[in-house]
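Counting starts at 1 for both ligands and their atoms, following the listed order.
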Amino acid sequence: MQLEERKQLRQTLRHRRRSLSAKQHQRAAVQLLKRLKTQAFFRTAKHIAIYLPNDGEIETNPIIQWCWQHNKQVYLPVLHPLAHNRLWFVRYRPRTAMTKNKYGILEPKMPFRFIRDARRLDLVLMPLVGFDADGGRLGMGGGYYDRTFAFIKQHNVNRPKLIGLAHELQRVDTLPIAAWDVPVVGVATDEAIYLN
Ligand SMILES: Nc1nc2c(c(=O)[nH]1)N(C=O)[C@@H](CNc1ccc(C(=O)N[C@@H](CCC(=O)O)C(=O)O)cc1)CN2
Ligand SMILES: Nc1ncnc2c1ncn2[C@@H]1O[C@H](COP(=O)(O)OP(=O)(O)OP(=O)(O)O)[C@@H](O)[C@H]1O
């Protein structure tokens, strides 16, 4: 897919997810948790990276609360202060002090003590703009997740498991894969779980 086409699709899908009402967002988030709870990859994971929603992304609060209640460790992405467009994953607890990053997304304020190596996460629940049923994922365009998890493809490892979270209305027929794309092994939405 041409760059211009990717950009267009991003705009359309971002607009679509932002147009959901507060009530629809809340309902979708509850449905999403309900579906995730049926999945072994979620129930068995102990160290789980997730995100705080931005720009109409499917909300994650019910999942985070459930994880805390079930003694799972939760991590959030923090923009790496030095490495270009890479992420750190930092422990998130109920009283973690937060600050906004340059995109206006909340992240833990004093990350240094609580960073966990990306290779030692069990499960990464990733934000996405668009997805297809074959593991194709379109992100916000920064390449943050692709760079941070490039090692999965390079070394052919199966940890962490990458699962996208999305509203069903973010699904498209096919997303051509770019050379640097790290495919997700599945996507969970408010309506279904797509596993590859
Ligand atoms: N909730 C959430 N957190 C996340 C991500 C994400 O997609 N969702 N990221 C996943 O990578 C990273 C941040 N990546 C982002 C990349 C671009 C924009 C963004 O809004 N870009 C603007 C234009 C650029 C600007 O304002 O400087 C835009 O496209 O409107 C936001 C986050 C880390 N944290
Ligand atoms: N492993 C990598 N090494 C170097 N550059 C990369 C890597 N992965 C992605 N990029 C670059 O990042 C840019 C954005 O990639 P892309 O449009 O696929 O991002 P995205 O998947 O939508 O975003 P994100 O991963 O942040 O959600 C591209 O220009 C690409 O060349």
Protein N/O near ligand 1 N/O, under 3.5 Å, which pairs?
residue	atom	partner	partner atom	Å
ligand 1	1 (N)	Leu52	O	2.7
ligand 1	1 (N)	Glu57	OE1	2.7
ligand 1	7 (O)	Glu57	OE2	3.4
ligand 1	8 (N)	Glu57	OE1	3.3
ligand 1	8 (N)	Glu57	OE2	2.8
ligand 1	29 (O)	Arg14	NH1	2.7
ligand 1	30 (O)	Arg14	NH1	3.4
ligand 1	30 (O)	Arg14	NH2	3.2

Between Gln73 and Arg91: side-chain donor-acceptor atoms closer than 3.5 Å: yes
Asp181 (side chain) donor-acceptor with Ala178 (main chain) under 3.5 angstrom: yes
List in chain and number order the residues that pass salt bridge (charged side-chain N to carboxylate O under 4.0 Å, His left out) with Arg18, two or more places apart in sequence or in another chain; answer none if no residue qualifies. Asp55
Is a side-chain donor or acceptor of Asp190 paired with a backbone partner of Gln31 at a separation under 3.5 angstrom? no
Indicate yes or no: at least one non-hydrogen side-chain atom of Phe131 is less than 4.5 angstrom from one of Leu138. no
Between Leu123 and the options Leu36, Thr44, Ile48, the side-chain contact (heavy atoms from CB on, under 4.5 Å) test singles out Ile48
Using side-chain hydrogen bond (donor to acceptor under 3.5 Å, both in side chains) as the criterion, list what pairs up with Tyr194, not counting sequence neighbours. Glu168, Arg171
Does ligand 2 have any atom that is closer than 4.0 Å to a heavy atom of Gly141? yes
With a 4.5 Å limit on heavy-atom distance, are the side chains of Leu79 and Tyr144 in contact? yes
Met140 neighbourhood, listing ligand 2 atoms whose heavy-atom distance to it stays under 4.0 Å: 22 (O), 23 (O), 27 (O)
Asp132 (side chain) donor-acceptor with Arg137 (main chain) under 3.5 angstrom: no
Tell me whether ligand 2 is touched by Arg137 - counting only heavy atoms on the residue side and a distance under 4.0 Å. yes
For ligand 2, which part of Asp181 has a heavy atom less than 4.0 Å away: the side chain, the backbone, both, or neither? side chain
Give me the other members of the hydrophobic cluster that Phe114 sits in, counting Ile, Leu, Val, Met, Phe, Trp and Tyr linked by side-chain heavy atoms under 4.5 Å, directly or via other members. Val78, Trp88, Val90, Phe112, Ile115
Within the 4.0 Å heavy-atom shell around Arg10, which atoms of ligand 2 are there? 17 (O), 22 (O)
So which heavy atom in the protein is nearest atom 25 (O) of ligand 2, and how far is it from that ligand atom? Tyr145 N, 3.2 Å
Protein heavy atom at shortest distance from atom 21 (O) of ligand 2: Asp146 OD2, 2.9 Å
Would you mind running through ligand 2 and noting each atom that sits below 4.0 Å from a heavy atom of Tyr144? 24 (P), 25 (O), 26 (O)
Whether Asp134 side chain and Gly136 backbone form a donor-acceptor pair below 3.5 Å: no
Any idea which protein heavy atom is nearest atom 4 (C) of ligand 2, and the distance to it? Arg147 NE, 3.8 Å
Any idea which part of Lys7 is under 4.0 Å from ligand 2, heavy-atom wise: side chain, backbone, both or neither? neither
Ligand 2 to Gly139 polar contact by distance, N or O atoms, under 3.5 Å: yes
Is it the case that the side chain of Gln170 and the backbone of His167 share a donor-acceptor pair, with hydrogens and angles ignored and the cut-off at 3.5 Å? yes
Of the backbone atoms (N, CA, C, O) and the side-chain heavy atoms from C-beta on, which set of Arg6 has a member under 4.0 Å from an atom of ligand 2: side chain, backbone, both, or neither? side chain
Return the closest protein heavy atom for atom 30 (C) of ligand 2 as residue, atom name and distance. Trp180 CE2, 3.4 Å
Parallel, tilted or perpendicular: which one describes the rings of Phe151 and Phe149, with boundaries at 30° and 60°? tilted
Measure from atom 23 (O) of ligand 2 to every heavy atom in Gly130, Ala178, Gly164, Gly143 and give the option owning the shortest one. Gly143
